[in-house]
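What follows is a single structure, written as structure tokens, with notes after it.
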Amino acid sequence: MRELFGRNLREARKVARLSQRDIHTISGYSQSFISEIETGKRSISLDNMAVLAKVLNVPLWTMLKP
């Protein structure tokens, strides 16, 4: 599931034309944390998923959809 969320996070970020640094600035999460999420190297809580989905202005459920 974390790989799926990470892939969708990267795609949504690119569609929004935001860099990992932009996400860091908005969310406060470190750029390395965001990178590790996108590559599936790190687990993420549902609460943090919701924050990142909100930053990207997309519903959380779309981030969990294959």
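For the atom pair Glu38 CD and Ile44 CD1, the distance stands at 10.5 Å (nearest 0.5 Å). For the atom pair CD1 (Ile37) and CD1 (Ile23), the distance works out to 12.5 Å, reported to the nearest 0.5 Å. One finds the CD atom of Gln20 at 11.0 Å from the OG atom of Ser27 (value rounded to the nearest 0.5 Å). To the nearest 0.5 Å, atoms CE (Met49) and CG (Leu64) are separated by 5.5 Å.
The stretch residues 39-66 participates, sequence neighbours left out, in no ring-ring contact (aromatic ring centres under 6.0 Å, His included) pair at all. For the ring-ring contact (aromatic ring centres under 6.0 Å, His included) condition, the pairs that include at least one residue of residues 28-59, sequence neighbours left out, are Tyr29-Phe33. Residue pairs satisfying the salt bridge (Lys or Arg N to Asp or Glu O under 4.0 Å) criterion with at least one member in residues 42-56, sequence neighbours excluded, are listed as follows: Glu36-Arg42.
Remark: Ala50 engages Leu60 in a side chain to side chain contact (heavy atoms under 4.5 Å, CB included) (not counting sequence neighbours). Residues passing the side chain to side chain contact (heavy atoms under 4.5 Å, CB included) test with Asp22, sequence neighbours excluded: Leu18, Ser19. Residues that satisfy the side-chain hydrogen bond (donor to acceptor under 3.5 Å, both in side chains) test with Ser30, not counting sequence neighbours, are Ser32. Judged as a side chain to side chain contact (heavy atoms under 4.5 Å, CB included), and not counting sequence neighbours, the contacts of Leu4 are Met1, Arg7, Asn8, Pro66. Among residues two or more places apart in sequence or in another chain, the side chain to side chain contact (heavy atoms under 4.5 Å, CB included) test is passed with Thr39 by Arg10, Lys41.
Although no hydrogens or angles enter the test, the distance criterion places a donor-acceptor pair under 3.5 Å between the side chain of Thr25 and the main chain of Arg21.
Under the 4.5 Å side-chain criterion, counting only non-hydrogen atoms from C-beta, Met63 is in contact with Leu56.
Nearest heavy atom pair, residue Ala53 against residue Pro59, reads CB-C, 4.4 Å. The nearest pair of heavy atoms linking Glu3 to Gly40 is OE2-O, 4.1 Å.
Transitive grouping of hydrophobic side chains (ILVMFWY, heavy atoms separated by less than 4.5 Å) brings Leu46 and Phe5 into a common cluster.
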